[in-house]
Structure formats: structure tokens, C-alpha cells
S.K.: 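The following block contains the structure, expressed as C-alpha cells.
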Amino acid sequence: MSGFEVERRDKENISCLYVKGFLDAHTAPQFEEAIQNLVDEERFKIIVNLCDLTYISSAGLGVFMGFIEDIRSKGGDLKLSNMTSKVYKVFDLLGFPNLYEIYEDENEAVDKYQKA
Amino acid sequence: MTVPKRIIVLGVLSFALIIAGLSISRLLLENNLPLADSIVSNLLIIFGINLIILMLFGLPRFQTLSTQKRLAVIGWTSGIFILFSLAMNIFMPDIITADYYEMIESGSEPINVIAVSALVYCTLLLASLLYIQLYGMILINQKKRTRLSFWFLYVIILSFLVMSSITKINPFSTGITDPEYLFEYFTIAVGILIIFLMVTNSYRNSWVNYLNKKQKIITLFTGILITLFMILVEELPGQNLQITLLTYSHSSGVFFSIIRLFFLIYCMMGIISLVLHLPTAGIFDRKVRQLTSLFQVSNAISTSMNPEKFLNMITDKTLEVVGANSSWLLMNDPGKNGFRLGAFSQVPKEILEKIKRDKFSTINNWIIKTKKPLVLHQLLQVKTPALGNEIRLIGGSLLAMPLLEENNNVAGIIYAWKESEFGFDEEDREMIQAFANQTVIAIENIALLEQRMERQRLQQELDVAREIQLKLLPKEIPVLSDEIEVEAISIPANEVGGDYYDFIKLDDNKWGIFIADVSGKSISAALYMAEIKGFIQSLAKLYPSPRDLMIKVNETLYGNIDRKSFITMIAAVIDLKKGELKYSRAGHSPLGYYDPDEDIWNFFQPPGLGLGLDKGDVFNNIIKEETIEFKPGSVFYLYTDGVTEVFDINNEEFGENRLQELLYTCKRESKGSYIDAILNKIDLFSSGGKLDDVTMIVVKMKENEAEKQ
């Protein structure tokens, strides 16, 4: 299995997480920690850029669910962007597009935050 | 102890030989045939000596005596010799007044031949005993050649006995008389060789090393006494064993002289060795004690698994090896209450109370900080304030040794206390250090064992869970109707899985078919799987529409499932009468449908959200119910993502496309099991690698026979 990495970049009050590699039950805690850190810092406007994500399992999808309610109740959001078609298929199968805003490009998500 | 028959036979035979030898020589003498005196009788006696030695070797205990016992046997035997000789000197000064020959002629011989034989036999027996015990001493720590060199000596001695009985030359007691013939020179040369061999054999006294100091001193003084007496007693004016024996039987006398000389040489070598060892005996003993206790401690690690007993052993050994007055061991459990008393040995009441009160916390803290052992030579003089004032009260000297784990954690502290000041030297410190190392190993061993037992226990519980979970899946596949063939399987990746499938008869014409996949793995997934089974079983008949059922299940599940977990599912209802299948999909993998009219495999993915993700606002709006005509020749294929999310060695996914192709193949070949074909294929694809939970249901409607014709 290839590894997994999360990189974080902050743009003003928006934080962007770049996830890379395999997101499964083993690597999910890593991703969870990254989001938890943002929540702890009260940075609730989050974009997750998935351009380098090669695989996501149900445990990986669970991570988004674990935080979304909390983040939204604090006026923030988790927006997703730059999914490959393969990853989008997984999200789509589960009906995630109905729960999350998914953008083709990260900038669209940023615009959306800034306009709001 | 029963004496073996062989030994009795040898004893009797050897005694008979001695009597025969002595009788012959007397007979010859009485008949004035002096020339023949020797050879025949001496040869008989030499043969007798051989049998005695053989007999003594046959005594089983003689081979296995310990060094101390052997020393005792040697001591007693030589003592008897000395007493024997003395007794002869004091009580029978006239036993031999002149030449034996003359004695017989004048008829003044004081004892008869049997008595003489008994005397000779006893002496030979004692001499042989001594010889064999010396052999035993020499063999301790034997090398390859030790045995050989000893037996070489024996053979040479026997040859010398034969030669000497011819030449009457005996350098061992009567000294060397002027040799006249070549053979006499040769005899003397053999005698010298014997002395040389005795000396070389006498170097082998490594047993000295194995005596402790006390034993060394006792052995040394006994050895000196015995040696002195052995020399003196034979040098006294008047009778002694040597002269008596020589008079009656030349070869017995020579044999005795040789053994006596060998014994004396061996004694002197032993004494020299003992004297040389004596100054270091104390240190040697201490080292032996240290090694022994280290050995015992490391032995205990592998055998005793009772931690308390082991810690007690450590404090006991600390007392024993460094000679401390008290020793105690504190175990550190930083997670809990810090230090606790693990074991103690001979701790006076007042110190014990102090230990229980504050555990020497100042010293403990100092050691935790420095990770180094601490030696306080004069507790009354301690001036370092960090160590606290109270320890002054105890007096004496104190050593504290940390038990350092691999990660440099202080797992505990061994304490040793002595009444006297400056009680601990560098060696004591090293010794306790060694104990500390062993203790750390033991503690780690115990922890590992506990871990292993815990794992075993978990495994057993998982096995039970697996049994239970298997019972939650259909035991057998139901017969829906004569026209319909059903296959189903569920294989968990681990002991328990998160996949679920079920068939429920709703009424005479309707069957519910369900397949679900709980996110996550193992125990949590298995528990939710049981939960969803409960929901389906209780709600399926109440909500015959798959969409309604899903909405109800979602409503019930939401809030009763961890926020990070969710369940995907397809609920389908087959109406046999109408020939249709209604279904809803909640985030699950698509439903495969083979349309016989079009000869095509479709994968339907109607909108639907995973169960448990949303309260219902989104879920209820999205979820759709679809209807498919269930006509002859059509096939439904339901699966969990364990079928498609299989990876090959290049990390490439098996995927839906390959699955679809495979289903076409299955359909074309028409015969045989779909499930077997698919399982084979994905197993091959993953090269036998580990699969996720895999579940499949195949529902086939037989082709219309009439139509076919």
C-alpha cells in the first residue's frame, strides 16, 4: 500500500488540506488529527483538496462525517475539491454530493467562502 | 548395597593368588631352592595386584565420588597406613629380625603363611585404593591425554614390578645398588621414567580450584600432616610396612613403595598448589558466589513466573552477595501511584516504617532525574540538601540502584543498606547492577507474557463473536420458487465482518432480499451488523415498500450509530406473481441486472444516501424506488464493495468493469456457480492477498423452456 500524507495551507481564515495517497482505516487517524487541529484552532472554514488522493475507503469517508456537524454548527464548512473521477465515483455512490459542496477547483471553493 | 558377584569373585581370586604366591616362595625356600624364589611367586602376586585394582574399579560408587569425598577417602586410607606402620613398629618390633631365609631355617618365623598373606593383601588393597582415588583426582578436568598418561604410568609400573622381581633392584625404597648387567641398568631407567611420569601426573590437581576457602585450609593442614607422618613412619628405626612387605614378597614391597612415593609426590604438589591458591581464596569464593547467584537469578527468570517471588529473590541475593544488612526493592509505576514496595529482606522495623511512609522519595526523585546509581558511604554525614535530612537518622551506608528499562525509564530501585560506613565497594555496585539488569529483563518478560495471554483471551472472544455472527446470516438459502435459483455467500476478512445479507418471506408471493455493508472493520462493524439485522427483521414486514423501509431504518439508525460510521444497503422485494423486482439503494454498490432480451448487463445506481449519515431531511428526499421486470432468463447480482475493491500487486483495483466482463462470461457459460467463478477470479487477481469482507447474492430466473424450443 502506498502511503498517505496531509499537508495544510492557510489562506486568511480559510484552511486548505491537501490529502495524498491511500485514505483507509489505517491512515484515517492521520487525516482525523489534521482536521481536529483545525477545529482546535477554531478554523472552521475548511477546504479539502483531493487531487492526489488515489483511494478512499468507508473509514476514510467516515472522517468527514465525524466533524461536519460540529463544524457547521460553528458557522464553518467542509468543502471538497479537485477530486479525480475515480474518487468522485465513491463519493457519489454513497450520496455524498448531497451532503457536501464539491467543487472542481479549489479556487471555486475559496470564492464561495469569500462571498458568503 | 549389594556387592556385585564379579567383585566377590575378583576379591577371592586375588586373595588366592597372593596366598599361592607367598606359599610357593616359602615352599621353595624350605626346599632350599632360592633361585626360583621370585619369578613364579612374584608373577602370581603381580597378577593378584592387577585383580585387586580391577576389583576396586568395579565398585560403582568409586567412579562417581565428589572431590570432597575422594579427599576424605584418601585421608582415611593414608591414616590407616600410618597407624598400620606405627602399630607394627610398636607392637611387633620382632616380626622380622633378620633375613626371611634365615628365619625359616631357624624355625623362628613368628606368623604363619595365612597371616602373612592377610597382611600383604590388606596392604595391597589399601595401596590400590589410594592409587584409584589418586586416579579419580587426576581425572577431574581431564584433557584428552590425561587418562592415557595415567594408564601409561600403570603399565610402566607393572613392567617395572616384573623386571624388579627378576633383578631385585628397587630404587624406591632400598636405593640403587651398583648395577652390573645391562638389564639392571634398564630396570633403573624404567624406575626413573616412573618417577618422571608420577611428577607429570601430579600436576593435575585442578580440584584445588573447586574448594572454598575453608575447605582449602582444612585440606592443606591435613595434607601436610599426612605427608609428614607418611614420611616419618617409614623412616623410624625398627619395623615398618615397607620392610615387612619387601621381606615377604618383593613385588608387593615394590608396589607399595611406588604407590607411597606417588602419593607423597601428589600430596606435595597439592600442598604447593593449595599454598599458592590460599591468598586469593577469599576473592575466588566471592566471585564464585557472585556467579552462582547470577546464574540462579537468570535461571529464575526462565522458570519462575511469579513476579513477587522473583523480586524477593533479588533482595535475598543482594543480602547474600554483597553482605548487606537489609535490602528492599521499590517498583515504579508512574501511571499509578509512583513507587511501591516490591520486596524486602531483613529490613529493621524503623527503616521499614520509613519506607512505607515516604519510600525514600528524595533519593527516588534524584535517581529518576539522573538515571544513575547512588552510593552514600556515610549516611550520618550526608550534606546534600537534595537528598533530605531524614536519611541521616539511619546511619551506616546505603546503595540505591535504578532498574533502567530500554527506553531509560526507571522501572524501580534496588536498595541495599549496611550498618557499617563505607560498606559498598565498586564490585558490590557492579554486582547489584547485574541484578538490576536481570530484574529488568524479568519484568519485561512478565509483561510480554501478560500481553500474550491478553491477546489469546481476545482471540478467544473474537472466535466466540465469529460463531455468533455466523448465526446472524442465513443458515441456508431459501427456495423462492421453482423458477428461481439463488446463490449467496459472505466471507469476513477477519474473524468478524461488517457485511450482512438476508432473505425474508413477506407473504406468499413476496420475498425481501437485503444486502448491507457497515463502514469500518471488525468488532464495531460486527455490532452494527447485528443491529441492522434486528431492524430489518422487525421492520421488513411492516414496510413492504423498499423505499419506506429504508426511510424507517435510517430514521431508527440515525443517532444510534457512531457519527463516523454508516451503513450502505440495497433492499429489494421480489413479487413472484407480478414478475417484478422493486428495490431501493442506500449508498450501496450498484445492482447488477442481466436483461435477456437485450443480452446486456446493466448496473443500476438510483439516487440514495448511506444509512445513518443524515437525520432524514436529505435522505428521504433523495432515495428512490425502482422497478425492474423479472422475466425468464434474467439475473440479479448484488454485492458489497469487497468484490470490486480488490487490488493486485501493482495496486490496481479490480473495479466494476472487470466485474461486468466477468458476469458476461458467467452468463455465456451459463452453467456452474457465478459466485465460485467470481471468488476464483478476485483471488487470482489479488495473488492470494488479503481480501476485504466479501458478500454476494445472485438471483437467476430460469429461461422459459417453451421459448427456448
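Order of the sequence lines sets the chain letters (A, B, ...), proteins ahead of strands, with each chain counted from 1.
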S.K.: Above 12 or not: heavy atoms from other molecules or residues under 6.0 Å from CD of B:Glu454?
M.R.: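 Yes - once you tally the heavy atoms of other residues, nucleotides and ligands closer than 6.0 Å, there are more than 12.
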S.K.: B:Phe566 and A:Leu94: side chain to side chain contact (heavy atoms under 4.5 Å, CB included), yes or no, with the steps?
M.R.: CA-CA 10 Å; B:Phe566 53 88; A:Leu94 196 61; 3.4 Å; yes
S.K.: Indicate yes or no: at least one non-hydrogen side-chain atom of A:Phe96 is less than 4.5 angstrom from one of B:Leu613.
M.R.: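 Yes, side chains in contact.
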S.K.: Which one of A:Gly95, A:Ala59, A:Ser58 has the most heavy-atom pairs closer than 4.5 Å to chain B?
M.R.: A:Ser58
S.K.: Would you say the side-chain atoms of B:Glu645 and A:Tyr55 include a donor-acceptor pair closer than 3.5 Å?
M.R.: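 A donor-acceptor contact under 3.5 Å links the two side chains.
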S.K.: Can you confirm whether B:Gln537 is buried at CD, in the sense that more than 12 heavy atoms of other residues, nucleotides or ligands lie under 6.0 Å from that atom?
M.R.: yes
S.K.: For chain A, find which of B:Ser589, B:Ser565, B:Ala586 contributes the most heavy-atom pairs closer than 4.5 angstrom.
M.R.: B:Ser589
S.K.: More than 12 non-hydrogen atoms from neighbouring residues, nucleotides or ligands closer than 6.0 Å to CD on A:Glu12, yes or no?
M.R.: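 Result for CD/A:Glu12: open.
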S.K.: Under a 3.5 Å distance rule, please check whether B:Arg563 uses its side chain to pair with a backbone N or O of A:Ile68 as donor and acceptor.
M.R.: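 Not a single qualifying donor-acceptor pair exists.
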S.K.: Nearest 0.5 Å please: distance from the NZ atom of A:Lys86 over to the CD atom of B:Glu653.
M.R.: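 With rounding to 0.5 Å, NZ (A:Lys86) is 5.5 Å from CD (B:Glu653).
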S.K.: Can you tell me which portion of A:Phe67 sits under 4.5 Å from chain B's heavy atoms? Options are side chain, backbone, both or neither.
M.R.: neither
S.K.: Under a 4.5 Å heavy-atom cut-off, does chain B meet the side chain of A:Leu93, its backbone, both or neither?
M.R.: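 The answer is both parts of A:Leu93.
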